[in-house]
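Everything below concerns the one structure shown next.
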Amino acid sequence: MSKTTSMRVPGEVLTHRQTITVMVGLMLGMFLSSLDQTIVSTSIYTIANDLDGLSLQAWATTAYLITSTVSTPLYGKLSDIFGRRPLYLAAILIFLAGSLYAGSVHSMTELAIARGIQGMGAGGLLALALTIIGDIVALKDRAKFQGYFMSVFGISSVLGPVIGGAFAGSANILGFDGWRWVFFINLPIGLAALAVVFLYLHLPAKHEKQKIDYWGAAAITLAIVPLLLVAEQGRSWGWASAGSLLCIGLGVVGIVAFLLAEKRAGDYALIPLRLFRNITFGLSSLLNFIIGVGMFGAIAMLPMYLQLVKGLTPTEAGLMMITFTVGILFGSITAGRTISATGTYRIFPILGTAILTGAAVVMGLSLGADTPLWVPGAIAVFFGLGLGFCMQPLTLAMQVSVPAKDMGVGTSSAAFFRSMGGAVGTAVFISMLFSLAADKVASGMKDAMQNADFLKVLKDPAVAADPANAKLYDFFKGGASNDSLNDTSWLHAANPTLTRPITEGFAQSIDAVMLTAAALTGIAFLVSFALPKKKLTDPKAVAKEAGAAVAAH
């Protein structure tokens with residue numbers, strides 16, 4: 001690209017070829033960010049065993065979640081001040097440094113630190129990619145392009161467990177432990193993204209000086225870090241434990257401090273409170289959070305069902321979730337193309353939340369221990385479709401509901417509220433699942449003890465002597481509880497007659513969780529009707545027209 005074409009004036013749109021080239025680099029960055037949210041899930045057990053740190057394995061996930069969520073609004077605001085390109089390049093470099101370190105660690109403590117560094121980069125990759133598309137693509141085409149990005153987000157989220165399981169299952173690849181490639185695989189992809197963005201993405205330089213909202217950044221960190229900690233660790237700590245209560249208290253203090261800091265900062269705030277006076281921005285933020293709670297929590301239940309009830313391996317469960325990508329591909333691209341053609345977006349959050357609610361209800365009423373695998377596979381398609389209909393239009397609505405100078409804040413806020421909702425939903429629903437499962441499994445075991453066929457198998461000396469049933473008999477002696485259900489690795493190797501009360505208990509618990517998720521997405525469905533009935537308009541185009549009108553007079 002020549003200097004004459006690369007250094008554009010504000011408001012000028014790239015050619016189609018230039019846009020596609022830049023988009024490839026941005027999509028690679030988004031692929032890395034969303035892939036690493038899930039790729040560790042199927043490999044962490046192998047990694048923790050190799051590093052002798054089973055008790056610390058949760059921190060590798062928690063560190064990534066915390067730093068990626070906290071950094072998202074920071075990237076959005078800083079990109080409005082200093083420009084998208086330098087911030088995006090910095091995000092890729094930070095992510096690559098974290099990936100290289102993560103693949104080279106020798107302890108779980110080091111891995112948690114490395115994952116935290118990765119998260120600091122990942123927070124900018126997702127939000128800034130969509131913001132940059134808003135900078136370089138006119139509104140009439142933006143929805144279509146962002147639809148492709150949302151498809152990449154969905155596909156990489158589902159491929160993560162499959163890829164992670166494949167690497168973890170390999171003893172050695174090119175002289176390195178197989179699990180280390182979970183992180184090393186990021187390096188060639190990230191370098192390609194870095195090269196494309198560095199060479200081809202040229203945006204107008206930012207010249208205006210703004211204050212940086214340090215107090216707001218500190219307050220949001222104080223609010224989010226302890227709340228995410230308790231969301232991730234609350235079940236193991238105990239929700240009423242001193243650690244959990246301290247984190248909740250600090251989070252509340254942080255939220256109050258953040259609101260006060262943002263009110264004081266005014267226009268320079270990290271997330272200016274004036275933006276929430278816009279009904280589209282405010283309602284879209286609320287919908288992103290509720291959908292994040294209900295949807296991401298619910299999506300966590302499908303792999304749980306496939307593994308705990310149907311006995312699939314994590315990799316097999318990941319492959320089953322490919323049907324989810326079919327739904328999100330169709331939903332994102334359909335919504336994007338329709339919005340680009342008509343400018344109408346409101347119908348898609350309404351349809352999306354309705355589909356999500358229906359899918360959750362069907363899942364809550366239909367999944368049992370004997371349900372054929374095609375049923376959860378079909379349900380996953382509709383979850384993906386509902387997600388595709390919601391994420392893309394709501395992100396676009398938040399982008400265009402704010403002034404052009406705040407587009408980074410508007411886009412990053414969408415990702416931030418959705419991530420927060422997803423973290424809360426996943427934590428609450430998984431805790432709810434195991435609490436319900438303990439009661440339902442105990443009740444199922446009590447009923448089974450009255451069944452002559454069950455007792456006959458239980459008292460069979462050959463069954464009792466089978467090593468595969470050793471942990472099952474230990475489980476029967478200890479009784480069902482939250483702690484005893486933490487390790488279910490023995491479940492599907494043991495006698496199927498004796499494990500039936502356990503798998504049925506888990507199936508019933510997952511059903512109850514899904515019906516709760518349906519209630520939440522149902523609330524989002526009702527809220528979506530309050531979105532304004534108007535077509536999306538590009539604030540940059542409006543400002544340009546206003547400037548032309550003033551010049552004409």
Side-chain angles (χ1 to χ4, degrees), residues 34 37-38 41 147 150-162 287-310 312 314 316-335 348-367 371-395 418-419 421-426 428-430 432-433 507 510-525 528:
S34 50
Q37 289 179 343
T38 57
S41 61
M150 290 303 178
S151 299
V152 169
F153 174 83
I155 291 168
S156 54
S157 296
V158 171
L159 285 180
V162 179
L287 283 170
N288 270 308
F289 182 79
I290 297 175
I291 291 167
V293 173
M295 182 179 51
F296 283 102
I299 289 171
M301 290 299 106
L302 268 173
M304 282 279 189
Y305 169 80
L306 294 170
Q307 293 174 65
L308 290 173
V309 180
K310 304 304 289 185
L312 272 60
E316 291 169 340
L319 287 170
M320 276 289 297
M321 289 294 288
I322 286 177
T323 55
F324 169 79
T325 68
V326 174
I328 197 171
L329 269 169
F330 182 81
S332 297
I333 294 172
T334 301
F348 287 105
I350 294 173
L351 283 176
T353 50
I355 292 170
L356 287 169
T357 303
V361 169
V362 170
M363 186 173 168
L365 296 177
S366 66
L367 294 192
T371 304
L373 280 176
W374 69 265
V375 176
I379 290 171
V381 174
F382 288 96
F383 269 123
L385 182 63
L387 174 57
F389 278 174
C390 289
M391 287 177 61
Q392 148 69 353
L394 289 174
T395 299
R418 193 165 51 243
S419 295
V424 171
T426 303
V428 169
F429 286 148
I430 289 178
M432 182 181 174
L433 167 66
I510 289 171
D511 288 346
V513 170
M514 292 311 302
L515 293 175
T516 304
L520 285 170
T521 53
I523 292 172
F525 171 68
S528 63

Kindly compute the distance separating CG (L385) from CG (L351), expressed to the nearest 0.5 Å. 8.5 Å
Quick one: CG on L287 to CD1 on I523, what's the gap to the nearest 0.5 Å? 11.5 Å
Any sub-3.5 Å donor-acceptor pair from T323's side-chain atoms to G377's backbone N or O? yes
To the nearest 0.5 Å, atom CG of L306 lies from atom CD1 of I510 at 8.5 Å
Working note: C390 + N288, criterion side chain to side chain contact (heavy atoms under 4.5 Å, CB included); need CA distance, chi angles, decisive distance, verdict. CA-CA 8 Å; C390 289; N288 270 308; over 6 Å; no
How many angstroms lie between atom OG1 of T516 and atom CG of D511, to the nearest 0.5 angstrom? 11.0 Å
Side chains of I291 and L394: does their closest heavy-atom pair fall under 4.5 Å? yes
Do the side chains of T353 and F348 get nearer than 4.5 Å, heavy atoms only? no
Let me see the working for L312 and L373 under side chain to side chain contact (heavy atoms under 4.5 Å, CB included), right down to the final yes or no. CA-CA 10 Å; L312 272 60; L373 280 176; 4.2 Å; yes
Hey, mind stepping through V293 and V428 against side chain to side chain contact (heavy atoms under 4.5 Å, CB included) and telling me if it holds? CA-CA 9 Å; V293 173; V428 169; over 6 Å; no
Once you round to the nearest 0.5 Å, how far does CE of M363 lie from CE of M301? 8.0 Å
Please walk me through it: do Y305 and T371 pass side chain to side chain contact (heavy atoms under 4.5 Å, CB included)? CA-CA 11 Å; Y305 169 80; T371 304; 3.4 Å; yes
Could you give the distance from CZ (R418) to CG (L387), rounded to the nearest 0.5 Å? 8.0 Å
Under the side-chain contact (heavy atoms from CB on, under 4.5 Å) test against F330, which residue among T334, I333, I328, V326 passes? T334
Check S34 against V152 and note the closest heavy-atom contact, atom names and distance. OG-O, 4.2 Å
Please check: side-chain N/O of T521 versus main-chain N/O of A518, any donor-acceptor pairing under 3.5 Å? yes
Decide if the gap between the ring center of F383 and the ring center of F324 is smaller than 6.0 angstrom. no
Is the side chain of Q392 donor-acceptor paired with the backbone N or O of G388 at a distance under 3.5 Å, no angle test? no
Check F382 against A359 and note the closest heavy-atom contact, atom names and distance. CB-CB, 4.1 Å
For the student: nearest non-hydrogen atoms of G386 and I355, plus distance: N-CG2, 4.0 Å
Nearest heavy-atom pair of A524 and I290: which atoms, and what distance? CB-CG2, 3.8 Å
